[in-house]
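Read the numbers this way: they start at 1 and go in the same order the structure lists the ligands and their atoms. When a residue number appears, it is its place in the shown sequence, counting from 1. Please read all numbers here as calculations on a predicted model, not as lab measurements.
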Amino acid sequence: MSDRREFFKKIGVLGLSGIATKLVSNEQLNALENLGKQSVSSTPFILPSLPYAYNALEPFIDEQTMMIHHTKHHQAYVDKLNKAIENMGGEFVLELSFKTISKADAAIRNNGGGHYNHSLFWQLMKPNPASKENKPSGKLAELITRDFKSFDDFKKEFTEKSTKIFGSGWCWLIEQDGKLKITTTSNQDNPLMDVAAEKGKPVLALDVWEHAYYLKYQNKRADYITNWWNIVNWDKAEALYHSK
Ligand code: MN3
């Protein structure tokens with residue numbers, strides 16, 4: 001097996017470790033499995049399709065924002081990640097893991113985080129055209145009440161923390177040592193990274209970069225967040241909570 005092939009295999013298996021490996025499509029997993037058989041110019045990461053149409057999150061997130069966010073922004077993270085990987089040598093493979101991301105190139109940190117975070121974000125939303133009340137149920141609802149007193153208290157804290165992020169970043173619900181916590185990260189960092197102030201398993205993620213809301217909401221980030229609660233995919237959040 002060539003070093004190059006081994007390198008790409010390791011990126012696929014270890015690179016964006018943990019949940020990321022479960023997020024990729026079968027097609028992408030096959031692509032990763034088959035990398036060794038492809039030419040060395042093949043790159044491992046591809047843009048995952050959205051689990052709904054671009055207009056499906058209306059009226060809360062508009063079609064144009066979703067289309068640009070997915071096909072331009074997320075695509076750019078994928079392209080730049082592949083480029084950064086291509087520009088590196090195989091000896092840096094271990095440093096591609098989020099657990100040691102502080103040692104990696106800024107291009108790997110920003111674009112690897114960008115690809116991972118957006119892959120998660122798309123799945124954590126679902127259409128709610130009739131604007132039905134949208135709440136967690138089951139175990140996650142129980143734990144939110146245990147750790148934040150009530151769902152409303154949880155929402156309030158999450159909304160406040162995401163509104164206050166200075167500049168671009170993400171707000172997260174994470175599981176940390178059996179407890180749920182709300183934390184924020186700058187740029188495309190995430191709580192799986194060694195650089196994160198609070199580390200844990202992502203359960204819920206909200207993108208508060210301006211590109212996520214500016215066309216519809218302009219500078220009104222708080223309105224975007226208020227509306228986003230309508231389209232949170234709580235089943236997916238629950239599944240993430242129970243995932244290894
Ligand atoms: Mn984004």
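With a 6.0 Å cutoff to the six-membered ring centre and a 45° limit on the axis angle, K220 does not count as a cation-pi contact of Y213.
Checked against the 6.0 Å centroid threshold, W229 and F154 count as a close aromatic pair.
Side-chain contact, S102 with D194: a donor N or O sits under 3.5 Å from an acceptor N or O.
Using a cut-off of 4.0 Å between Lys/Arg side-chain N and Asp/Glu carboxylate O, K161 and E157 are scored as salt-bridged.
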Give the intermediate values and the outcome of ring-ring contact (aromatic ring centres under 6.0 Å, His included) for residues H211 and H69. CA-CA 7 Å; H211 68 225; H69 201 172; 4.4 Å; yes
Determine, step by step, whether F158 and F148 satisfy the ring-ring contact (aromatic ring centres under 6.0 Å, His included) criterion, reporting the C-alpha distance in whole Å, the side-chain angles of both residues, the deciding distance to 0.1 Å, and the verdict. CA-CA 10 Å; F158 193 100; F148 300 95; 9.1 Å; no
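If you look at the Mn ion (ligand 1), the protein N, O or S atoms less than 2.8 Å from it are H69 NE2, H118 NE2, D207 OD2, H211 NE2.
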